[in-house]
Chemist: 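What follows is a single structure, and I will ask about it in a moment.
Every heavy atom of this structure was used, including side-chain atoms; hydrogens, water molecules and symmetry mates were not.
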Amino acid sequence: MNKYSTLIYEKYAQIGSNDLGYIDDALGAVIQVLDEVVRNENVPQELKDKAAYAAANLLISDFDVK
């Protein structure tokens, strides 16, 4: 179960316990964050490329991104 970072699992637990709110449009939220990574001048180009590729794959997928 260590596929993702500890912080992700902490946020998962907080959402599950209602300490944090659930985001109905989770895919849209992910794309928005990936876009922030791509636009951030302090992020290395290699990470920007990975973020843009992931966001583009989500946009082209069958998921309903709002």
Chemist: According to a 4.5 Å side-chain heavy-atom criterion applied to Ile, Leu, Val, Met, Phe, Trp and Tyr, with indirect links allowed, do Ile31 and Val37 form part of one hydrophobic cluster?
Modeler: no

Chemist: Name all pairs fulfilling the salt bridge (Lys or Arg N to Asp or Glu O under 4.0 Å) condition that reach into residues 34-44, sequence neighbours left out, sorted by first residue then second.
Modeler: Asp35-Arg39

Chemist: Please list, chain by chain and in numerical order, all residues satisfying side-chain contact (heavy atoms from CB on, under 4.5 Å) with Ser5, sequence neighbours excluded.
Modeler: Leu7, Ile8

Chemist: Output the distance between atom CG (Leu27) and atom CD (Gln32), rounded to the nearest 0.5 Å.
Modeler: 13.0 Å

Chemist: Which atom pair, heavy atoms only, marks the closest approach of Tyr4 to Tyr9?
Modeler: O-CE1, 3.3 Å

Chemist: For residues 43-53, which side-chain donor-acceptor pairs fall under 3.5 Å, sequence neighbours excluded?
Modeler:
unit_1, atom_1, unit_2, atom_2, d
Gln45, NE2, Asp49, OD1, 2.9
Lys48, NZ, Asn40, O, 3.1

Chemist: Taking side-chain contact (heavy atoms from CB on, under 4.5 Å) as the test, write out the residues that go with Leu20, two or more places apart.
Modeler: Lys11, Gln14, Ile15

Chemist: Got a sec, which residues hit side-chain hydrogen bond (donor to acceptor under 3.5 Å, both in side chains) with Ser17, two or more places apart in sequence or on another chain?
Modeler: Asp19

